[in-house]
Amino acid sequence: MPSTEFTNPEMSPLRLRDVTVANRVWMSPMAQYSAGPDGKPTDWHLVHYGARAVGGVGLIMVESAAVGPLHRTTSADLGIWNEDQAAAHRRLTSFLTERGTVPAIQLLAAGRKGSHQVPWVGEGQNGPVSVAEGGWELIAPSPVPFGDLSVPREAGHADLDEVVEAFANAARMAHLAGYEVVEIHAAHGYILHQFLSPLSNHRTDEYGGSLQNRMRLPLRVARAVREAFPDEKPVFVRITATDWAEGGISIDEAATFAKELAAVGIDLLDVTSGVLVRDREARPPAQDGVNVEFANTLKKASGIAVAPVGQIGDLSLAGEVVASGLADAVLIGRALLRDPYLALRNRPSDKTAWPNQYHRAL
C-alpha cells in the first residue's frame, strides 16, 4: 500500500518560523499531576509523552508547567522556573526530538485557581489546600474566589511585574530544556484569563475596566515571552474565544485580543473556550469540534495560524478541519489519552511513519 503521507491533509508538514512540524495532529497539554516535589518531570512523563511521540503526533504540548512555585495549581505540577528543572526536562525533550516530534511546553500561572488537591484526592480540583496544610497564598485581579477554592489576594503592581518576569524566565528555561515551542496559557480561568474577563476582573485601575486595560497584563506577558524566547522558535497563546457566560468575553473581544497578539509576534493561537467560572451553565456545549469556527474567526481577524482544541476525537474531523482551511492544525486531548497511536491509525502500512521496532506488526 502506498504511503498516505500526502493524501491526508492532516499529515502534511507545517512550518512556523524555523521549526517544521511533521504533521498537523498535535497533542494538547493535559496535566498529569505527577511531578516530583521539586517540580521535575518523572518517569511517568517520559513514558506518557514518549508513547504519543512513538504514536506519530507532530507536536506534543507538554502539560502546563508552573512559572514559579506560587503559580502552581497543585504541589504535583511540573515546574519550569529554574535550571535544575530545565536540565531534568532534557531527557524528555531529547526523546521526543529523536522520534521526530516537536517538543513544546505550556507556561502557566494559576492565579485564583491554584493551591488545590490533585483530581483524585478528596474534592480534587474543588478542594482547597490552605497555607497551614502546605498550600500557598493566591493572587488574582480581584479578591473573588473560584468556586470553593481559597479567596485570592488582589494582585498589586509588584505582583504583576513578578508575573511578567516569571513568564519570561520560564521561556528562557524552556529553551535551555530543549523545547522548540512555548505556549502562554491565557485561557481556562487561569490568571491571564482572569484579567481578560470582566467576570473575574473587577479592578478600577489601569488593569481593569475597558478591554484595553484588561488586555494589559496578558500583552505584557506575551511581549516578555516573545523577547525571552529565541527568534527562530515559535510562541503560541492559548486563547479563550468566549466565556460561555453573560457578561464574559465575547468572540469580538477575543478577536481584538488576537490582533494585538499578532502585533506582538505570536505565531499561533491555540483556540479554546469556557472554564472561567464553575457554573454548569457556562460549560462549552457538547459538540464535535466546538471551537473550530471560533478558530477560523480568530484566524481571519489576526492573520496568524490557529489550532482549535476541544472535542476533536478522530482523524476524519481533523482532516476536514485542515483541508477546509478553517485551521492550520488541530490539538487533540482526551482521545490521545485513550489511544496513543491515534495519529497513525490512517497509516496502517506506512513504514516511514511507524517505528522500525513495530514493522513486524504492519
Side-chain angles (χ1 to χ4, degrees), residues 16-19 29 39 61-62 64-73 77-83 85-86 89 103-111 113-114 139-141 155-197 201 203 205-208 211-240 254 256-270 302 304-305:
L16 297 164
R17 295 194 181 235
D18 288 353
V19 174
M61 185 67 68
V62 169
S64 293
V67 299
L70 300 182
H71 297 302
R72 295 172 295 167
T73 65
D77 284 13
L78 278 182
I80 193 72
W81 65 79
N82 63 46
E83 291 188 8
Q85 291 167 337
H89 278 264
I105 191 167
Q106 187 181 68
L107 310 180
L108 172 78
K113 290 184 77 174
I139 61 169
H157 286 197
D159 296 312
L160 303 186
D161 291 344
E162 188 278 330
V163 168
V164 174
E165 175 50 34
F167 270 96
N169 176 65
R172 291 189 286 268
M173 294 302 102
H175 172 59
L176 287 179
Y179 287 103
E180 295 297 315
V181 176
V182 293
E183 176 173 277
I184 301 163
H185 201 337
H188 291 177
Y190 297 111
I191 197 166
L192 301 183
H193 185 185
Q194 291 161 31
F195 270 86
L196 284 165
S197 177
N201 184 346
R203 298 173 76 101
D205 65 1
E206 68 269 33
Y207 288 93
L211 177 59
Q212 290 298 321
N213 285 353
R214 287 183 278 119
M215 291 190 298
R216 192 179 305 275
L217 179 65
L219 289 175
R220 284 186 64 194
V221 167
R223 292 187 196 99
V225 169
R226 182 61 277 176
E227 290 173 4
F229 206 52
D231 286 346
E232 67 272 15
K233 293 183 176 184
V235 175
F236 297 177
V237 171
R238 175 161 276 190
I239 185 174
T240 289
T256 299
F257 182 42
K259 293 175 188 176
E260 295 288 342
L261 291 171
V264 168
I266 298 305
D267 300 283
L268 181 139
L269 302 175
D270 168 357
S302 66
I304 60 178

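- Separation of atoms CD1 (I304) and CG (L269) is listed at 4.0 Å; rounding is to 0.5 Å.
- Using modelled atom types and a 3.5 Å distance limit, the side chains of R220 and Y207 yield a donor-acceptor pair.
- A pairwise comparison of heavy atoms in D205 and H157 identifies OD2-NE2, 3.3 Å as the closest pair.
- Judged by distance alone, with hydrogens and angles left aside, the side-chain atoms of R203 form a donor-acceptor pair with the main-chain N or O of A155 at under 3.5 Å.
- Put simply, the side chain of P218 reaches to within 4.5 Å of the side chain of L196, judged on heavy atoms.
- The distance from the CG atom of L192 to the CG atom of L219 is 10.0 Å, given to the nearest 0.5 Å.
- Evaluation of the ring pair (Phe, Tyr, Trp, His ring centres under 6.0 Å) rule for F229 yields no partner, not counting sequence neighbours.
- The heavy-atom pair separating V182 from A174 by the smallest distance is CG1-CB, 3.5 Å.
- Of all heavy-atom pairs between A186 and V237, the closest is CB-CG1, 4.0 Å.
- Across all their heavy atoms, P29 and R238 have their closest contact at CD-NH2, 3.6 Å.
- To the nearest 0.5 Å, atoms OH (Y190) and CG (L108) are separated by 6.0 Å.
- Residue E83 places its CD atom among 12 or fewer non-hydrogen atoms of other residues, nucleotides or ligands, all under 6.0 Å distant.
- A donor-acceptor pair under 3.5 Å is absent between the side-chain atoms of N169 and the main chain of A166, judged by distance alone.
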| said: Could you go through Q85 and M173, starting from their C-alpha distance and side-chain angles, then the distance that decides it, and tell me whether this counts as side chain to side chain contact (heavy atoms under 4.5 Å, CB included)? | reply: CA-CA 8 Å; Q85 291 167 337; M173 294 302 102; over 6 Å; no
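- Between the D267 side chain and the V235 main chain, a donor and an acceptor come within less than 3.5 Å of each other.
- Pairing each heavy atom of N213 with each of G208, the nearest pair is ND2-O, 3.0 Å.
- Taking CG of L16 as the reference point, atom CG of L268 lies at 6.0 Å (rounded to 0.5 Å).
- Note that the CG atom of L217 and the CD atom of E206 stand 11.0 Å from one another [nearest 0.5 Å].
- A donor-acceptor pair is defined here as one N or O able to donate and one able to accept, closer than 3.5 Å; such a pair exists between the side chain of R17 and the backbone of D231.
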| query | Given I184 and V221, is the side chain to side chain contact (heavy atoms under 4.5 Å, CB included) satisfied, shown in steps? | reply | CA-CA 8 Å; I184 301 163; V221 167; 4.0 Å; yes
| side chain to side chain contact (heavy atoms under 4.5 Å, CB included) assessment of F257 paired with T240 | CA-CA 10 Å; F257 182 42; T240 289; over 6 Å; no
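- The side-chain heavy atoms of M61 and D270, taken from C-beta on, include no pair separated by under 4.5 Å.
- I139 CD1 to I191 CD1: the interatomic distance, rounded to the nearest 0.5 Å, is 4.0 Å.
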| said: Evaluate H71 against F167 for side chain to side chain contact (heavy atoms under 4.5 Å, CB included), listing each step before the verdict. | reply: CA-CA 10 Å; H71 297 302; F167 270 96; over 6 Å; no
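- Smallest separation of non-hydrogen atoms from E183 and Q106: OE2-NE2, 2.8 Å.
- No donor-acceptor pair under 3.5 Å is formed between the side chain of E165 and the backbone N or O of D161.
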| request: Before giving the answer on salt bridge (Lys or Arg N to Asp or Glu O under 4.0 Å), spell out for E260 and R223 the whole-Å C-alpha distance, their side-chain angles and the decisive distance to 0.1 Å. | output: CA-CA 10 Å; E260 295 288 342; R223 292 187 196 99; 5.2 Å; no
